[in-house]
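Reading through the structure tokens given below for one structure.
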Amino acid sequence: MKQRLNRSSRLPAHVAVPDYNPADYGVGIVHLGIGAFHRAHQAVYTDEAISRFGGDWRIAAVSLQNSTVAQALNNQQGLYSVLIRDDPDTRCRIVACIDQVIALRTTATEPVRVQQFNRMMQQLTAASTKIVSLTVTEKAYGIDRRSLQVDTTHSAISEDLAHAGQACGVIGILVHALKLRRKEGIEPFTVLCCDNLPENGKFVRSGVIDFARRIDEPLAAYIEMQVSFPGTMVDRITPASTDELITEVETVLGARDEGTVETEPFSQWVIEDRFPGGRPRWEAGGAQFVDNVAPYEMMKLRMLNGAHSLIAYAGYVAGFATVRDVMQSAEFVVLVRAHMMAAARTLPRLDAVNFDDYAASLVQRFSNRAIAHRTYQIAMDGTEKLPQRIFEPALHAIQHNQSIEAFAFAVAAWMAYCRGVNDNGEPHNLRDPREKEIVSALRAHENTACGVYQALSALTDFMPEQLVADTVWRTAVIRHLEVMLQQGMLAAITQQCDS
Ligand code: CS2
């Protein structure tokens, strides 16, 4: 095994290295949730910004669930590589803007480590911290997407409301840190949500204010007045890192990098420019600053992520392991393109973007032969993803007399996936926060298209009532599901493409 990547590693000339000395710059950002996506996206933009313009904008990152990334990066002085894969070329660059990673827990089931918690709080309350950014996935927030209030049945929310001083959930941590800053007379930080949620800035703002109101009314009023929550749209396809990737990168770098990530060449970050405490000049990495990010976000959620979920469920059930494999099937491509165009019809006009071109570029990105993005990875957390990706455009379609077929097909594919077995007879876990509920609902109903629909459409706070009550919708989902269950996913796709 080679030596670990570090600041004195002698790297091959084709590996791009940042042209700044990390030790010259301080920390200005705390990032919660340092998964592969953050390392391939926001950290790269920050690295470009520091390279070009300098500034104390390095990142102190926090892992909320386990210590794997902390162990990897802290043993490498925060350095890691990004493998940018295109077909047939691969480029490699080093990112140097991570200062340290604080792991709150060793594994998800362990309690929060007090020392690590204190280190995180120290960073969050430092006057030099101007931004707290987040990529924690949809399920971590515990905010009800309809009322935009905190969901008191969510375990992190209920625990943190009971012990706000030792908060270990995202919202509780933000509120606690803002409370301490206010008490000490330190300006608040800007909260930058980078998760795939509609109007993500507004979403987190509402949850934070609601949580604060439940423990400290004046704090809630202060947050409402003083704290900025810009919205963002983030985009870069980034598969989960694997051991094979680490082995491959070892030969590329001549050093071992356990924090490496692989990603595609495309990257997009659209941000509302509201940073009272300042921000890195992310323009250096190509970030776009706009007044209102919502239409971009809606486009990306409905066209890219919606099509991704369709590919994940239909593809996985049909026996395809990766998105690129799915995109080798001409019929699948027709289905995916039709889904994107149905989603495009539900969007408000966006002068800067032509939706046909956007769909064409997505088809090309999904077809990248150099990226093995697993359908099973994207299929995860369906109950958290479907509402904004599929149900919202479906509701729009109903309200505007547009066809609902594409959305009904995607939901039927999700339902087929929820049965826990694919068309090859291979069983799988759903990896959904509501997995237990789904399994017991399915057990209580007949294993027919009607029974499965009945069970899953009745999950509480999931499918919007307007959809549940719509007989055209119900009939369409059941019709597709019937074909999927009786003749298999590929037959259902053929019929959908022919119709
Ligand atoms: C994917 C996204 O896993 C998923 O649900 O749809 O992670 C997708 O790859 C990114 O949003 C692309 O920017």
Side-chain angles (χ1 to χ4, degrees), residues 33-45 82 84-85 133-141 193-200 203 231-242 261-271 285-288 293 296-316 320-327 336 339-340 343 353 358-359 361-368 370-393 410-411 413-414 417 428 430-433:
I34 183 171
F37 182 68
H38 174 71
R39 308 206 292 286
H41 190 272
Q42 303 102 66
V44 174
Y45 285 84
V82 181
I84 301 150
R85 292 194 195 273
S133 54
L134 307 121
T135 49
V136 290
T137 79
E138 300 86 340
K139 63 176 174 283
Y141 289 96
C193 173
C194 299
D195 277 300
N196 284 319
L197 287 156
E199 300 194 74
N200 54 9
F203 174 82
T232 63
M233 181 269 246
V234 291
D235 187 9
R236 194 168 207 186
I237 291 173
T238 308
S241 297
T242 59
V261 285
E262 61 180 321
T263 189
E264 61 173 340
F266 181 90
S267 185
Q268 190 175 16
W269 198 6
V270 190
I271 314 170
Q288 297 160 253
V293 100
Y296 289 89
E297 190 142 51
M298 209 188 263
M299 169 185 83
K300 193 241 164 182
L301 277 169
R302 295 184 184 181
M303 290 183 71
L304 187 158
N305 297 115
H308 242 181
S309 290
L310 164 72
I311 290 172
Y313 301 119
Y316 188 86
F320 292 94
T322 64
V323 175
R324 70 180 177 196
D325 294 344
V326 166
M327 299 304 281
V336 168
H339 185 97
M340 288 176 186
V353 188
Y358 184 66
S361 75
L362 295 180
V363 168
Q364 204 181 359
R365 289 170 60 198
F366 290 177
S367 309
N368 185 341
I371 300 267
H373 200 186
R374 305 196 79 73
T375 47
Y376 191 48
Q377 180 189 337
I378 303 168
M380 190 163 66
D381 294 346
T383 54
E384 292 285 329
K385 293 173 175 173
L386 255 47
Q388 58 276 19
R389 296 179 181 201
I390 309 290
F391 295 154
E392 283 186 18
V411 171
W414 172 75
Y417 174 86
H428 58 267
L430 305 185
R431 297 201 301 174
D432 189 291

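Just so you know, ligand 1 is whichever comes first in the structure, and atom 1 is the first atom listed for that ligand.
- Contacts of Arg85 classified as side chain to side chain contact (heavy atoms under 4.5 Å, CB included), with partners at least two apart in sequence or in another chain: Leu83, Thr90, Leu245, Glu248, Glu262, Ala370, Ile371.
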Starting from the N and O atoms of ligand 1, collect every protein N/O partner closer than 3.5 Å and put each pair on its own line with the distance to 0.1 Å.
from	atom 1	to	atom 2	distance (Å)
ligand 1	5 (O)	Lys385	NZ	2.9
ligand 1	5 (O)	Arg389	NH1	3.1
ligand 1	5 (O)	Arg389	NH2	2.9
ligand 1	6 (O)	Asn305	ND2	3.1
ligand 1	6 (O)	His308	ND1	2.8
ligand 1	6 (O)	Arg389	NH1	3.3
ligand 1	11 (O)	Asn196	ND2	3.0
ligand 1	11 (O)	Lys300	NZ	2.6
ligand 1	11 (O)	Asn305	ND2	3.0
ligand 1	13 (O)	Asp235	OD1	2.6
ligand 1	13 (O)	Arg236	N	2.9
ligand 1	13 (O)	Lys300	NZ	3.2

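- For the ring pair (Phe, Tyr, Trp, His ring centres under 6.0 Å) test, residues two or more places apart in sequence or in another chain that qualify with His339 are Phe407.
- Judged by distance alone, with hydrogens and angles left aside, the side-chain atoms of His38 form no donor-acceptor pair with the main-chain N or O of Cys194 at under 3.5 Å.
- Side-chain atoms of Ser367 never come within 3.5 Å of backbone atoms of Met327 as a donor-acceptor pair (strictly under, hydrogens ignored).
- Look at Lys385 and Glu138 and you find no salt bridge, because none of the NZ, NE, NH1 or NH2 atoms lies under 4.0 Å from a carboxylate O.
- Evaluation of the side-chain hydrogen bond (donor to acceptor under 3.5 Å, both in side chains) rule for Asn200 yields Thr232, Glu297 as partners, not counting sequence neighbours.
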